Amino acid sequence: MAEDTSSHKMVTTNHRRSRTKFTEDQLKILINTFNQKPYPGYATKQKLALEINTEESRIQIWFQNRRARQRFQKRPEPETLDSSQIHGDQPGVEFQSREARRCRTAYSTSQLHTLIKAFAKNPYPGIDSREELAKEIGVPESRVQIWFQNRRSRLFLQRKREPVASLEQEEQNKIPEGPQ
DNA sequence: CATCTAACCTATTCAAGGC
DNA sequence: GCCTTGAATAGGTTAGATG
């Protein structure tokens, strides 16, 4: 909703999603949750999303960034680090392991076909393309983004192992495509 | 322009589900 | 049991907002 209908910049893809501006209240809740649980599971993130009226994927990104920032800041200790109680979980906090992650998405053959086809055209789709794709195959946009990330990573991996053969692979992956 | 940080990336690891 | 692959992680980069 509240679409600003295409200024004059052409809708053509490849822009990133517009930057989210969290309110003070939202940040308060996020930070508070982070201090208690820097690694929230899916259920917690969903609940947070509902509570502060934001997408779950934005919350996931926020926690990622927050952890990175905290790691970076927390580094005033160039001291020899041994002889401490390393890798012991605090006694008292019985390991309730980590919270459950999101359920694995099971893509159908036709969904995969659509994704692969899109990947061949553009392995780095912007927010508009991702959303369109998501709508087309009926999954959240965040799943589409993750799928592309995994796909790219594994393509790189494959290229490292098989420096030459991957080119043929690419040719094969091209699916004859009508104009849209 | 400097700083901050959301968005995004690769590389790697965890783990669900199929064979 | 192993393999494929979606989900999560660490760690780094890009870019939008703001002083």
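Note that the structure is predicted; figures quoted are calculated from it, not measured. Below, chains carry the letters A, B, ... as their sequence lines are ordered, and counting in each starts from 1.
Two residues are said to be in side-chain contact when any heavy atoms from C-beta on lie closer than 4.5 Å; Ser142(A) and Arg102(A) meet this criterion. With contacts defined as side-chain heavy-atom distances shorter than 4.5 Å, the pair Trp62(A)/Thr54(A) does not qualify. Tyr42(A) has its side chain out of reach of Arg101(A): every pair of non-hydrogen atoms, C-beta onward, lies at least 4.5 Å apart.
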Taking only N/O atoms, report every protein-nucleotides 16-19 of chain B pair under 3.5 Å with atom names and distance.
from	atom 1	to	atom 2	distance (Å)
dA16(B)	N3	Arg104(A)	NH1	3.4

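In the displayed structure, Asn53(A) atom CG is contacted under 6.0 Å by at most 12 heavy atoms of other residues, nucleotides or ligands.
A sub-4.0 Å separation between OP1 or OP2 of dA7(C) and a side-chain N or O of Thr105(A) is present. Contact between the side-chain N/O atoms of Arg151(A) and the OP1/OP2 oxygens of dT5(C) is not found at any separation under 4.0 Å. An OP1 or OP2 oxygen of dT10(B) is reached within less than 4.0 angstrom by a side-chain nitrogen or oxygen of Tyr124(A). When the side-chain nitrogen and oxygen atoms of Arg69(A) are compared with OP1 and OP2 of dC4(B), none of them lie within a distance under 4.0 Å. Close to dA7(C), at under 4.0 Å from its OP1 or OP2, lies a side-chain N or O of Arg143(A). For Arg16(A), no side-chain nitrogen or oxygen approaches OP1 or OP2 of dA6(B) to under 4.0 Å.
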Side chain to side chain contact (heavy atoms under 4.5 Å, CB included) assessment of Leu133(A) paired with Arg130(A): CA-CA 5 Å; Leu133(A) 208 50; Arg130(A) 292 199 306 269; 5.6 Å; no
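Residues from residues 25-49 of chain A that place a heavy atom under 4.0 Å from any atom of DNA chain C, listed by number: Tyr39(A). For residues 54-68 of chain A, proximity to DNA chain B is found at Arg58(A), Ile61(A), Trp62(A), Asn65(A), defined as any non-hydrogen atom under 4.0 angstrom from a strand atom.
Contacts of Thr20(A) with the nucleic acid, taken as non-hydrogen atoms under 4.0 Å apart, involve only primed sugar atoms and P, OP1 or OP2.
Taking atom CH2 on Trp147(A) and atom C1' on dG6(C), their separation rounds to 12 Å, with Å as the unit.
In summary, of the residues considered (Gln145(A), Glu132(A), Arg17(A)), a side chain to side chain contact (heavy atoms under 4.5 Å, CB included) with Ile127(A) occurs for Arg17(A) alone.
Between dC8(B), dT12(B), dG6(C), one nucleotide has an atom nearer to the side chain of Arg130(A) than all others, and that is dC8(B).
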